[in-house]
Q: 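Got a structure here, written out as structure tokens. Questions coming.
Numbering of residues begins at 1 and proceeds along the displayed sequence. FYI, side chains are in, hydrogens and waters are out, and symmetry mates aren't considered; it's all heavy atoms of this structure.
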Amino acid sequence: MKVVIIGGVAGGATAAARIRRLDEKAEIIILERSGFISYANCGLPYYIGGEIKDRQNLTLQTPQSFFARFRIDVRVHNEAISIDPKQKTVLVRDLQSGREYTESYDKLLLSVGAKPVVPDLTGADSPRVLTLRTVEDTFRIYDAIEKWQVKTAAVIGGGFIGLEMAENLRARDITVTLFQRSAHVMPPLDQDMAGAVHQQMRKGGIDLRLFAAVTGFVEEENGIAVQLQDAPSFLADLVILAVGVVPENTLAKQAGLQLGKKGAVCVNEAMETSEKDIYAVGDAVEIRHFVTNEKTVIPLAGPANKQGRIAADRICGLSSVYKGAQGSSILKMFDMTIAATGLNARDAEAAGYDFDYALITAASYATYYPGAENMTMKVLFEKPSGKLLGAQIIGYGGVDKRIDVLATAIRAGMTAEDLTELDLAYAPPYASAKDPVNMVGYVIENLLTGKVEQVHWEEVQAEKQYLLDVRTDEEVADGGMLQGAVHIPIDVLREHLDELPKEKVIYVYCQSGLRSYLACRILQANGFDCRNIAGGFGFYLVSEQKACLLQEGTGPCGMTQEQTLAAAEKRKG
């Protein structure tokens, strides 16, 4: 059997090694148009930032090491020009010599990946406007920084590459401005969760500009001007264009393969294309979303690796199937960790789910053990079943293991009740006896069983609703409170119930949502109609929804410190 694989990196290299392990006699050829067969794609920004110092560390395998270990014929700088499915041949061009030749195959695997989106903007072809996708791109950016002694950089786009590049350029002491066309960065996040990321970016010295539409680029003597819609142009030494990727489908189109969403190659659960004996994997293929079962494109390394293995199995006669991906992802922004899996609220609504979500703030491990840090968790669930649909977590420690637990729970079809029963490892330096994953299960369970009713901050209208703040006097004195809110700390709430109206719905908030839940239980037991405001005051401050509730001239959020202290003294009197 002769197998030709077009493209290496995650999908192609994985498939090639798996085929060899399954079939020692197979002839395997990898055609790679770049100079690198298998490299740490996700590590590229960290070489530019200096975290990874040796260029050699980016290369996981060389043609020589691949041949020595697997006896696979790897041909770098060899580009597949066209495919003839009828004759089962590939036309190949040697990019170094210019020679063209034809290679036959019994089985063909496409692992051609995706390419950066380069908008049709004036000046986008300037040498000072660069994209990052390959090792060569990385070296080009690194060398450009040295050549032009870059002091200022503009990053266009707030996805994974944009954020990682912004962080790593800052690590080089470069002044960075990031332009994002929409309301928030990181598309896997909902806008309310992205607010914390915006704060972190600005804290790290990144000038973040939202609703900033770039209309073109103009080279100037001392740099390149980024032209903006409805704003003055911005002069930088270098531009990183990171507005997304699209499937590389040139070969697939030429070969007449069926294409789907975003022009991605259609494949079945065996990773087979519409043409017999041609398979496709990675960023260029359309797959099924594991949660919704809808067709989608998920350009991530994890799914590409798994797809490569499945395709190799099928090529070798095994019956493996690919069941889809749920988009589990994680990102570092300075010392903050941002992670997501499954559906966000926008996706869940588009898919037609009847859903809600729980918001909690929890410590990374036992709070009495030094160094514990808070994380914010948003977990979506279907009503009334409690089936988990998606999760987003932002924090500074322990985020990675919680998102992996929730990703596994979603994969297993678990419900909130299942989360409460998970037996997770506990010791003070690592977790709490009731892990944040257990806690979010308890919160969802309370919502589903009617033990508490919740609202989200976007539903709160201070001028129309009765707001009750149950935080401590010290918390309110330090941070202020919402306009029009009544402040009664939870520990004295029972003694002040006669001050609250039973004819109105009372909307309660604390710092994180836990004490307000307890307050609602007290109020409900005493005949009041109560709603717990999910996420609490802390989430409100970072969610960028606070403008509608602010009161001018009263500090950050409503009451002045003097008013707060006076109210506390009156209550004590």
Q: Below 4.0 angstrom, N of the basic side chain to O of the carboxylate: do Arg33 and Glu136 qualify?
A: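 Salt bridge flag = no for Glu136 with Arg33.
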Q: What verdict does the salt bridge (Lys or Arg N to Asp or Glu O under 4.0 Å) test give for Asp192 and Lys378, after you've listed the backbone C-alpha separation in whole Å, the side-chain angles of each residue and the deciding distance to 0.1 Å?
A: CA-CA 10 Å; Asp192 53 5; Lys378 180 176 185 177; 3.0 Å; yes
Q: Could you measure the distance from the CG atom of Leu380 to the OG1 atom of Thr341? Nearest 0.5 Å is fine.
A: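 Result: 11.5 Å between the selected atoms.
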Q: Would the distance check show the side chain of Arg71 and the main-chain N or O of Phe67 forming a donor-acceptor pair, the cut-off being under 3.5 Å?
A: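 Judged by distance alone, yes, a pair lies under 3.5 Å.
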Q: Check whether any side-chain heavy atom of Val297 sits under 4.5 Å from a side-chain heavy atom of Ile287, and report yes or no.
A: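 A side-chain contact under 4.5 Å is absent here.
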Q: For Leu235 and Asn222: C-alpha separation, side-chain torsions, deciding distance, then whether side chain to side chain contact (heavy atoms under 4.5 Å, CB included) applies.
A: CA-CA 9 Å; Leu235 186 64; Asn222 56 341; 3.7 Å; yes
Q: Asn268 side chain to Glu272 main-chain N or O, any donor-acceptor pair under 3.5 Å?
A: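 Indeed, once roles are kept as given, a pair shorter than 3.5 Å links the two residues.
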Q: Are Thr215 and Gln227 linked by a side-chain donor-acceptor pair shorter than 3.5 Å?
A: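 Checked: Thr215/Gln227 side chains show no N/O donor-acceptor pair below 3.5 Å.
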Q: Taking atom NZ of Lys262 as the centre, report whether more than 12 heavy atoms of other residues, nucleotides or ligands fall under 6.0 Å from it.
A: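 No.
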Q: Between Asp404 and Arg402, does at least one N-O distance fall below 4.0 Å, as a salt bridge requires?
A: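 No salt bridge links Asp404 with Arg402.
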Q: More than 12 heavy atoms of other residues, nucleotides or ligands under 6.0 Å from CD of Glu51: yes or no?
A: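 For Glu51, atom CD is not crowded (no more than 12 foreign heavy atoms under 6.0 Å).
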Q: Please identify each residue that fulfils salt bridge (charged side-chain N to carboxylate O under 4.0 Å, His left out) with Arg93, with sequence neighbours left out.
A: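 Per chain and number, Arg93 pairs via salt bridge (charged side-chain N to carboxylate O under 4.0 Å, His left out) with Glu100.
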Q: May I have the step-by-step check of side chain to side chain donor-acceptor pair (under 3.5 Å) for Asp190 and Gln392, ending in yes or no?
A: CA-CA 8 Å; Asp190 289 316; Gln392 301 160 51; 2.9 Å; yes
Q: Is Arg346 reaching over with its side chain to a backbone N or O of Ala350, donor-acceptor style, under 3.5 angstrom?
A: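 Side chain of Arg346 to backbone of Ala350, a donor-acceptor pair under 3.5 Å: no, none is there.
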Q: Give a yes or no on whether Gln87 atom CD has more than 12 heavy-atom contacts from other residues, nucleotides or ligands under 6.0 Å away.
A: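 At most 12 heavy atoms, drawn from other residues, nucleotides or ligands, come within 6.0 Å of this atom.
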Q: Which residues pass the salt bridge (charged side-chain N to carboxylate O under 4.0 Å, His left out) test with Asp237, not counting sequence neighbours?
A: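 Asp237 satisfies salt bridge (charged side-chain N to carboxylate O under 4.0 Å, His left out) with no residue once adjacent residues are dropped.
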Q: Main chain of Arg309, side chain of Arg18: is a donor-acceptor contact present, judged purely on distance under 3.5 Å?
A: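 The answer is no, because no donor-acceptor pair under 3.5 Å joins these two groups.
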Q: What's the shortest heavy-atom distance between Tyr101 and Leu31, and which atoms?
A: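 Smallest interatomic distance, heavy atoms only, reads OH-CD2, 3.9 Å.
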Q: Shortest non-hydrogen contact from Ala166 to Ile206?
A: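 Taking every non-hydrogen atom into account, CB-CD1, 3.7 Å.
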Q: Distance-only, no hydrogens or angles: does the Gln200 side chain make a donor-acceptor pair with backbone N or O of Met333 under 3.5 Å?
A: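 Yes: the side chain of Gln200 pairs with the backbone of Met333.
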Q: Donor-acceptor pair, distance only, cut-off 3.5 Å: does the side chain of Glu24 make one with the backbone of Arg21?
A: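 No.
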Q: Of the non-hydrogen atoms in Val155 and Gly162, which two are nearest, and what is the gap between them?
A: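 Closest pair (atom of Val155, atom of Gly162, distance): CG1-O, 3.6 Å.
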Q: Under the criterion side chain to side chain contact (heavy atoms under 4.5 Å, CB included), I'd like the reasoning laid out for Lys323 against Val321: C-alpha separation, chi angles, the key distance, then a yes or no.
A: CA-CA 6 Å; Lys323 298 179 181 178; Val321 297; 4.2 Å; yes
Q: Check the angle between the aromatic planes of His198 and His184 and answer parallel, tilted or perpendicular using the 30° and 60° thresholds.
A: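 The arrangement is tilted - the two ring planes meet at 30° to 60°.
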Q: Could you report the tightest heavy-atom contact between Ala339 and Leu189, atom names first, then the distance?
A: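 Shortest heavy-atom separation between Ala339 and Leu189 comes out as O-CD2, 4.4 Å.
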Q: For Ala15 versus Ala312, what's the shortest heavy-atom pair and its separation?
A: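 Closest approach of Ala15 to Ala312: O-CB, 3.6 Å.
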Q: Which atom names give the shortest non-hydrogen contact between Phe36 and Val76, and what distance separates them?
A: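 The pair with the smallest heavy-atom distance is N-CG1, 4.2 Å.
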Q: Answer yes or no for Arg181 and Phe211: cation-pi contact, defined as NZ/CZ to six-membered ring centre under 6.0 Å and angle to ring axis within 45°.
A: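 No, Arg181 and Phe211 do not form such a contact.
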Q: How long is the gap from CZ on Phe290 to OG on Ser328, to the nearest 0.5 Å?
A: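 Output value for this atom pair is 10.5 Å.
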Q: Is it possible for you to check whether Lys2 lies under 6.0 Å from the centre of the six-membered ring of Tyr105, through NZ or CZ, and within 45° of that ring's axis?
A: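 No, Lys2 does not lie over the aromatic ring of Tyr105.
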Q: Just to verify, what does Lys203 make a salt bridge (charged side-chain N to carboxylate O under 4.0 Å, His left out) with, not counting sequence neighbours?
A: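 Testing Lys203 for salt bridge (charged side-chain N to carboxylate O under 4.0 Å, His left out), a comparison that skips the adjacent residues, returns none.
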Q: So, Thr296 versus Glu294: side-chain donor-acceptor pair below 3.5 Å or not?
A: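 There is no such pair between these side chains.
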Q: Rounded to the nearest 0.5 Å, what separation is found between the CG atom of Asp23 and the SG atom of Cys316?
A: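 Atom-to-atom, Asp23:CG and Cys316:SG are 5.5 Å apart.
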Q: Is there a donor-acceptor contact under 3.5 Å linking the side chains of Glu32 and Ser34?
A: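 Side-chain D/A pair, Glu32 to Ser34: present.
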Q: Could you check whether any side-chain heavy atom of Val3 comes within less than 4.5 Å of a side-chain heavy atom of Ile29, counting everything from C-beta outward?
A: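 Of all side-chain heavy-atom pairs linking Ile29 with Val3, none is under 4.5 Å.
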Q: Go through the steps to decide whether Ile28 and Val4 satisfy the test side chain to side chain contact (heavy atoms under 4.5 Å, CB included), and finish with yes or no.
A: CA-CA 6 Å; Ile28 307 169; Val4 174; over 6 Å; no
Q: A side-chain contact here means heavy atoms from C-beta on lying under 4.5 Å apart; do Asp207 and Leu178 qualify?
A: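 Of all side-chain heavy-atom pairs linking Leu178 with Asp207, none is under 4.5 Å.
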Q: Is Lys88 paired with Asp106 through a side-chain N to carboxylate O contact shorter than 4.0 Å?
A: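 No.
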Q: Between Arg75 and Asp73, does any side-chain N to carboxylate O distance fall below 4.0 Å?
A: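 Salt bridge flag = yes for Asp73 with Arg75.
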Q: I need the Leu169 CG to Thr152 OG1 distance, nearest 0.5 Å.
A: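 If we round to the nearest 0.5 Å, Leu169:CG and Thr152:OG1 are 10.5 Å apart.
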Q: Looking only at atom types and distance, does a side-chain atom of Ser111 sit under 3.5 Å from a main-chain N or O of Gly12, one as donor and one as acceptor?
A: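 Checked: pair present.
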Q: Is the closest side-chain heavy-atom distance between Ile393 and Leu406 below 4.5 Å?
A: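 Contact flag for Ile393/Leu406 side chains = yes.
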Q: Could you give me the CA-CA distance, side-chain angles and deciding distance for Met375 and Ile394, then say whether side chain to side chain contact (heavy atoms under 4.5 Å, CB included) is met?
A: CA-CA 6 Å; Met375 67 179 77; Ile394 296 176; over 6 Å; no
Q: So, Arg288 and Glu269, do they make that salt bridge, N to O below 4.0 Å?
A: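 Salt bridge flag = no for Glu269 with Arg288.
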Q: Given the ring of Phe66, does Arg69 sit roughly above its face, with NZ or CZ under 6.0 Å from the centre of the six-membered ring and within 45° of the axis?
A: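 Cation-pi check for Arg69 and Phe66: fails.
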Q: Hey, are the side chains of Lys107 and Tyr279 touching, using non-hydrogen atoms and a 4.5 Å cut-off?
A: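 Sidechains of Tyr279 and Lys107: in contact.
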Q: Return yes if a side-chain donor-acceptor contact under 3.5 Å exists between Thr14 and Asn305, otherwise no.
A: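 Distance-only check passes for Thr14 and Asn305.
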Q: With a 4.0 Å cut-off, would you call Glu167 and Lys332 a salt bridge?
A: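 Yes, Glu167 and Lys332 are salt-bridged.
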Q: Does a side-chain heavy-atom distance below 4.5 Å link Asp283 with Arg133?
A: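 Yes, at least one pair of side-chain atoms sits under 4.5 Å.
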Q: Rounded to the nearest 0.5 Å, what separation is found between the CG atom of Asp313 and the CD1 atom of Ile315?
A: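 Output value for this atom pair is 9.5 Å.
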Q: Any donor-acceptor pair under 3.5 Å linking the side-chain atoms of Glu219 with those of Ser126?
A: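 Result is yes, a qualifying pair exists.
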Q: Looking only at the side chains, is there a donor atom on one of Asp137 and Tyr142 sitting less than 3.5 Å from an acceptor on the other?
A: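 Side chains of Asp137 and Tyr142: no pair found under 3.5 Å.
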Q: Quick check: does any side chain N or O of Gln180 sit under 3.5 Å from a backbone N or O of Gly158, one acting as donor and the other as acceptor?
A: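 Here the side-chain-to-backbone pair exists.
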Q: To the nearest 0.5 Å, what is the distance between CD (Gln258) and SG (Cys266)?
A: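 Between atom CD of Gln258 and atom SG of Cys266 there are 4.0 Å.
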Q: Counting only N and O atoms by type, is there a donor-acceptor contact under 3.5 Å from the side chain of Gln307 to the main-chain atoms of Met271?
A: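 Checked: no pair found.
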Q: Under the 3.5 angstrom rule, does the side chain of Thr131 hit a backbone N or O of Pro116 as a donor-acceptor pair?
A: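 Looks like no, no N/O pair under 3.5 Å.
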